[in-house]
Protein chains: 2
Amino acid sequence: MRDFGQDHSALALNTASLGHNLDGAGAGWSSEQLIDACAERGFGGIVYWRRELGDRAQQIGERTRAAGLAVAGLCRTPLMVGPGTPQPLEDEVRASIDMAAALGAPVLTIVTGGTEPGTKGLGPSWDLLAERVAVACDHAARQGVKLALEPLNPMFGGNRTCLFTVADAYEICRRVNHPALGIAVDVYHVWWDSRLTESLAAAKGLILGYHLCDWLAETSHMLLDRGMMGDGVADLRAIRAAVEAAGYAGFCEVEIFSAEDWWKRDPREVLDTMVDRFRRFC
Amino acid sequence: MRDFGQDHSALALNTASLGHNLDGAGAGWSSEQLIDACAERGFGGIVYWRRELGDRAQQIGERTRAAGLAVAGLCRTPLMVGPGTPQPLEDEVRASIDMAAALGAPVLTIVTGGTEPGTKGLGPSWDLLAERVAVACDHAARQGVKLALEPLNPMFGGNRTCLFTVADAYEICRRVNHPALGIAVDVYHVWWDSRLTESLAAAKGLILGYHLCDWLAETSHMLLDRGMMGDGVADLRAIRAAVEAAGYAGFCEVEIFSAEDWWKRDPREVLDTMVDRFRRFC
């Protein structure tokens with residue numbers, strides 16, 4: 001297991017931690033401001049959201065690398081099954097992959113979407129998801145991008161996800177069986193899973209991303225009340241040990257949706273706190 | 001698998017479906033009103049909450065049976081680990097078991113509570129929970145009551161539960177290994193679990209309760225927006241098949257926390273809808 005006590009070169013900022021995933025959230029920093037602030041603090045990489053890139057994906061990717069940082073990933077494809085699936089879906093999936101390629105992001109995250117309308121349970125949605133992900137993988141491979149299925153906390157069932165555990169995501173990987181497909185592991189979504197270590201071991205070699213935050217004991221909002229590392233109940237070291245035992249040696253990306261706390265603070269304070277907490281608790 | 005198409009004698013009302021679990025919620029019916037309304041409609045049983053019984057547990061139990069209904073259970077013990085644990089805990093646990101006995105309830109539900117303060121992850125909380133549940137089981141056995149560990153949806157981690165799946169609850173049953181201990185299975189909490197059927201099979205003979213509602217695709221509140229059976233995405237028939245294959249042949253208890261919808265309706269309409277939906281969808 002890597003030792004981060006004196007070294008945070010594996011730390012990446014997911015820009016959602018500054019509110020960049022939602023219109024009007026956070027301090028409204030430009031991409032250039034946050035690139036410079038991350039570079040000054042010795043972050044290793046940045047993960048962007050499509051909404052902040054617009055038509056500047058290539059430019060922001062180059063600017064990131066010029067500052068000595070890696071582009072660690074891009075969030076995310078459109079929902080691919082369930083009630084929130086856009087029409088026509090395939091065009092938007094391709095556009096998200098193309099944006100990742102233009103940005104120079106090695107990984108694009110998939111939030112799957114929920115239960116397909118007119119169906120019950122998971123089965124029909126998984127069948128449809130596997131078909132659609134297979135098509136997306138072919139395009140991703142042509143563009144040099146990998147796709148990472150991200151299981152979400154079961155509170156997001158119905159409309160946002162049909163994958164709730166690493167084991168679920170692995171089952172889709174197994175069915176699709178494509179070299180461009182893997183799994184993103186987010187502490188917020190998986191910390192509670194008593195079978196996490198065995199599920200990660202089964203998925204060895206398929207982990208494409210590791211997302212940090214913490215689960216607050218008194219979580220007040222389903223989506224927008226994530227905690228800073230160390231403030232919650234997740235066993236961060238144990239989770240990372242299992243992720244690394246599954247072969248992952250990439251960035252640890254801090255992704256904190258926090259409308260009432262961290263998004264209201266000065267981004268400089270947020271970034272400084274991340275560095276400190278990363279070294280002490282992660 | 002039982003056929004409920006023409007027979008709802010296995011249907012039980014959990015009084016939370018009329019708001020009886022929270023002060024000021026629902027239409028405010030007395031216990032006598034709801035007993036008569038359930039008896040008129042051919043319900044088989046009723047599950048009560050401690051807060052509505054006060055010092056009338058024995059009286060309400062007798063009134064229920066006099067109307068031709070079973071007392072199917074009581075909700076619930078205090079939280080037994082985590083930040084919401086009352087002091088002194090053991091007295092309140094015993095009081096809840098004694099109330100179940102006075103009511104004539106065969107089963108008392110345990111919502112475990114969350115992560116013990118000062119600890120991370122699940123391990124320390126599970127160890128403490130197993131110790132405390134073992135003590136409670138001895139008292140329950142003396143009182144002729146069984147205790148049912150209820151795993152909750154992972155959104156309730158941190159402060160309300162440290163058991164998230166039937167497999168988790170089974171692991172505590174296995175450790176405690178007491179004839180008074182089993183598991184309550186609630187559709188709301190387990191519908192998303194792709195390993196549910198295999199977990200139930202492993203826990204064969206330990207299922208002490210089955211709770212019905214539905215998971216709405218667009219759930220708007222973490223606690224108080226449960227759906228009526230048929231209005232959501234849970235595969236109710238498949239879940240009941242797995243529960244019955246695990247040896248359960250008892251009541252199917254409708255438990256719908258719904259502050260903005262069902263609690264605002266006339267309880268007569270709510271009960272009539274339950275009967276209809278139970279026969280058609282469950």
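Letters A, B, ... are given to chains in the order of the sequence lines, protein chains preceding strands, and every chain is numbered from 1. Predicted model, so just to flag it, every value in this text is computed and none were measured.
- Aromatic rings from B:Phe164 and A:Trp191 are positioned such that their centres are separated by under 6.0 Å.
- B:Arg160 does not touch chain A: none of its heavy atoms, backbone or side chain, sits under 4.5 Å away.
- Residues A:Met222 and B:His221 fail the side-chain proximity criterion, which asks for heavy atoms closer than 4.5 Å.
- Side-chain contact between A:Glu218 and B:Pro83 is present, with at least one heavy-atom pair separated by less than 4.5 Å.
- Here the side chains of B:Asn153 and A:Asn153 are in contact, with some heavy-atom distance below 4.5 Å.
- Listed options B:Gly123, B:Gly114, B:Gly157 were ranked by heavy-atom pairs under 4.5 angstrom with chain A; first place goes to B:Gly157.
- When all heavy atoms of A:Trp126 and B:Ser194 are compared, the pair lying nearest together is CH2-CB, 3.7 Å.
- A pairwise comparison of heavy atoms in B:Ala234 and A:Lys120 identifies O-CD, 3.5 Å as the closest pair.
- Contact detail for B:Leu122 and A:Trp192: the closest heavy-atom pair is CD1-O, 3.4 Å.
- If you measure heavy-atom distances from B:Ser125 to chain A, you find no contacts under 4.5 Å at all.
- For A:Arg195, the part sitting under 4.5 Å from any heavy atom of chain B is the side chain, from C-beta outward, and nothing else.
- Contacts between B:Thr115 and chain A at a heavy-atom distance below 4.5 Å involve the side chain alone, from C-beta outward.
- Ranking B:Val233, B:Thr165, B:Asp235, B:Leu236 against chain A, the residue ahead of the rest is B:Val233, based on heavy-atom pairs under 4.5 Å.
- In this structure, the separation between CG on B:Asn159 and OG1 on A:Thr219 is 7.0 Å, given to the nearest 0.5 Å.
- Within 6.0 Å of atom CD in A:Glu90, 12 or fewer heavy atoms from other residues, nucleotides or ligands are found, so the atom counts as exposed in its surroundings.
- Annotation: maximal heavy-atom pairing with chain B below 4.5 Å, among A:Gly158, A:Gly82, A:Pro154, occurs at A:Pro154.
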